[in-house]
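Report on one structure; see the data block that follows.
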Amino acid sequence: MKYQAPRGTYDILPEDIKKWHYIENIIRKFTSLYNYSEVRVPIFEQLDLFQRSVGEDTDIVEKEMYTFKDKKGRQLALRPEGTASIARMVAEHNLQSSKKEPLRLWYEGPMFRYSRPQKGRYRQFCQFGIECIGSSKPIADAEIIAIGWQILQEAKVPDVSLEINSVGCPECREQYNILLKEFLYRDKDKYCTDCRRRMEQNPLRVFDCKNKICQQLINNAPRMLDNLCEECSIHFDSVKNNLEMMKVPFTVNPEIVRGLDYYTKTAFEYKVNYLGAQDALGGGGRYDGLIEYLGGKQTPAVGLSMGLERIILSLEKSGFSFPEENNLKVFVIPIGAAALQASIEMMQEFHKADISAIIADESSSVGSNLKCCDKNNVSFAILIGDNELKSGMYVVKDIQKKAQSEIKKEEVVSFIKNT
RNA sequence: GUGGAUGUAGUUCAAUGGCAGAGCACCGGAUUGUGGUUCCGGCUGUUGUGGGUUCGAGUCCCAUCAUCCACCCCA
């Protein structure tokens with residue numbers, strides 16, 4: 001084979017597209033129910049935008065971005081995530097939320113990260129996200145978390161767990177970092193080399209270490225959750241409270257650290273335990289500082305994103321059967337070339353009535369054309385040959401019921417419409 | 001980015017270093033214009049790609065590409 005899709009990319013084949021439509025329809029349903037508007041932002045942005053918003057020290061920016069220069073030498077990058085663009089858009093157009101209602105936005109599209117591919121981890125993958133912009137209230141956090149939860153429930157993704165945490169605001173996080181570093185440095189030499197590096201750059205990451213020794217040591221470390229400032233603490237309690245009101249089940253996991261730097265206060269993830277290493281279906285959190293940081297007005301915001309591939313993968317794994325779609329309604333079968341003209345007109349009549357119809361190959365046998373109907377789940381076949389042309393009565397076959405009747409050609413469309 | 005496994009027909013899988021095969025799928029036929037079953041017949045391959053060893057390579061070696069698994073990271 002001369003060409004194949006580049007590493008980490010894939011084709012969505014005709015037989016698979018229904019899976020995407022299935023989940024996309026559910027997304028549209030819930031974004032619409034909660035009054036979120038779809039927006040579309042560029043697939044590439046200034047490199048700088050991602051460096052600043054996602055964070056220079058994150059893996060995403062450090063080693064996973066597709067960067068390039070255009071012909072004028074501009075430094076650009078394929079987007080590795082959606083929120084940075086949304087925040088840029090809000091800042092750039094000075095999008096206002098009314099005093100009462102935050103701006104509610106959603107998006108969907110391909111994201112790009114240069115990482116080593118695996119099942120459920122691709123270099124081009126599809127994320128959808130929702131962003132609630134302009135509200136600092138805990139109910140906004142809960143709304144976002146609930147929408148994601150409801151989408152996964154409605155899609156019938158089995159055994160999803162929701163874990164939430166608070167990563168605090170810049171002030172209390174800085175305080176906490178000092179505290180945590182003190183703790184870590186006490187037994188500095190006992191940690192693995194990775195963790196010793198983490199202590200410098202992002203001490204929170206030590207919690208993620210899989211090394212047993214590190215895990216034991218970190219067990220006694222001070223927790224962000226126990227060191228939140230009063231405001232963050234109250235906020236977190238209210239989020240939990242609101243989630244309970246919404247009957248969204250969650251567990252608090254103080255170890256959730258998101259891989260993007262812009263998060264403040266609430267952070268959360270939706271997880272499953274049957275996708276191997278790719279166990280996160282989505283996640284998100286609050287990013288109160290980002291829009292201002294990008295030059296906009298001080299605007300609190302909270303959002304989430306989910307990976308469509310992983311949702312689909314979960315459903316496939318659970319044996320879910322996706323709803324069929326787009327079955328051909330009518331197969332017009334001309335018997336002999338003389339019937340071609342009448343068959344084309346018949347087809348066009350169906351199209352005028354919004355009924356899907358195509359014409360069979362007039363040179364192959366009626367039998368094989370009917371077989372074709374069976375295989376493709378066609379509802380009706382119209383047979384048009386010399387006899388039918390003479391009499392003006394077409395043979396209409398109901399493929400599923402195996403019944404056939406002769407109908408005046410002018411009445412065929414309405415007959416099928418009413419069947 | 002690190003370590004490991006795999007790659008044969010559209011697909012699922014066979015083939016001791018010795019003629020590349022089977023099921024499913026596909027196509028055609030079973031008295032001329034009527035069907036998912038059945039029966040009969042047929043097609044399908046530069047064995048991922050490129051080198052090497054050998055009288056001879058799907059099989060052994062090297063490289064490369066891709067997929068998968070674990071790590072890492074996360075969606």
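Letters go in sequence order (proteins before strands), and every chain restarts at 1.
Annotation: G21(B) and C43(B) have their C1' atoms spaced 15 Å apart (nearest Å). Here, U34(B) and G29(B) have their P atoms 12 Å apart, quoted to the whole Å. G10(B) and C26(B) have their C1' atoms separated by 8 Å, with the value rounded to a whole Å. Nucleotides A66(B) and U49(B) are separated by 15 Å at their P atoms, to the nearest Å. Between U44(B) and U12(B), the distance separating the two C1' atoms is 15 Å to the nearest Å. Across A14(B) and G45(B), the matching C1' atoms stand 15 Å from one another, rounded to whole Å. As rounded to the nearest Å, C74(B) and C61(B) have C1' atoms that lie 38 Å from one another. Spacing between G52(B) and C13(B) at atom C1', rounded to whole Å, works out to 29 Å.
The pair Arg28(A)-Glu38(A) counts as a salt bridge, with a side-chain nitrogen and a carboxylate oxygen less than 4.0 angstrom apart. The pair Arg223(A)-Asp226(A) does not meet the salt-bridge criterion, since no charged nitrogen lies less than 4.0 angstrom from a carboxylate oxygen. With salt bridges taken as basic N to acidic carboxylate O contacts below 4.0 Å, none links Arg123(A) and Glu64(A). At a threshold of 4.0 Å, the pair Glu143(A)-Arg104(A) counts as salt-bridged, since one of the basic side-chain nitrogens sits closer than that to a carboxylate oxygen.
For the pair Lys375(A) and Leu260(A), nearest-nucleotide mapping onto RNA chain B gives the more 5' position to Lys375(A). Between Ser364(A) and Gly8(A), it is Ser364(A) whose nearest contact on RNA chain B lies nearer the 5' terminus.
Taking only side-chain nitrogens and oxygens, Lys63(A) never comes nearer than 4.0 Å to OP1 or OP2 of C73(B).
Nearest heavy atoms, Asp288(A) versus Arg286(A): OD1-NH1, 2.7 Å.
For RNA chain B, runs of at least 3 consecutive pairs of the Watson-Crick or G-U wobble type, with both hydrogen-bonding distances under 3.5 angstrom, map to B:1-7 with B:65-71, B:10-13 with B:21-24, B:26-30 with B:38-42, B:48-52 with B:60-64.
Using a 4.0 Å heavy-atom criterion, one finds that Leu281(A) contacts the sugar-phosphate atoms exclusively. Residue Gly120(A) is in base contact, counting any heavy-atom pair closer than 4.0 Å across all strands shown. As judged by a 4.0 angstrom heavy-atom cut-off over every strand, Lys119(A) is placed among residues touching the sugar-phosphate backbone only. When heavy atoms are screened at a 4.0 angstrom cut-off, Gly82(A) is found touching no nucleic acid atom at all. Residue contacts shown for Gly385(A) include a base, since a base heavy atom lies under 4.0 Å away. Residue contacts for Gln400(A): at a heavy-atom cut-off of 4.0 Å it reaches a base atom on one of the strands shown. Within 4.0 Å of Ile333(A), counting heavy atoms only, lies no atom of the nucleic acid at all.
Considering only side-chain atoms of Ile399(A), the nucleotide from G35(B), U34(B), A75(B) that sits closest is G35(B). For Arg113(A), whose side chain is taken as the heavy atoms from C-beta onward, the closest listed nucleotide among G33(B), A75(B), C73(B) is A75(B). When the nucleotides G36(B), U2(B), A75(B) are ranked by their closest atom to the side chain of Arg116(A), U2(B) comes out on top. When each of A66(B), C73(B), G35(B) is scored by its nearest atom to the side-chain atoms of Gln4(A), the top-ranked nucleotide is A66(B). Of the candidates G36(B), C73(B), A75(B), A75(B) carries the atom nearest the Tyr122(A) side chain, counting heavy atoms from C-beta on.
Side-chain atoms of Arg121(A) and base atoms of C68(B) include no donor and acceptor less than 3.5 Å apart. Judged by distance alone, with hydrogens and angles left aside, Asp386(A) brings no side-chain donor or acceptor close enough to the base of G33(B) to form a pair under 3.5 Å. Judged by distance alone with a 3.5 Å cut-off, no donor-acceptor contact links the side chain of Asp59(A) to the base of C74(B). Taking only distance into account, the side chain of Glu64(A) never meets the base of G1(B) through a donor-acceptor pair shorter than 3.5 Å. Judged by distance alone, with hydrogens and angles left aside, Lys397(A) brings a side-chain donor or acceptor within reach of the base of G35(B), the pair sitting under 3.5 Å. Between the base of U34(B) and the side chain of Gln404(A) there is a donor-acceptor pair shorter than 3.5 Å.
Between Tyr66(A) and Phe112(A), the two ring planes are perpendicular [angle over 60°; tilted spans 30° to 60°].
Among the candidates Ile164(A), Asn242(A), Thr266(A), the single residue satisfying the side chain to side chain contact (heavy atoms under 4.5 Å, CB included) test with Asp141(A) is Thr266(A). Partner of Glu108(A) under the side chain to side chain contact (heavy atoms under 4.5 Å, CB included) criterion, out of Leu308(A), Ile130(A), Thr31(A): Leu308(A) alone. Just one of Val413(A), Thr419(A), Asn418(A) meets the side chain to side chain contact (heavy atoms under 4.5 Å, CB included) condition when paired with Phe415(A); it is Thr419(A).
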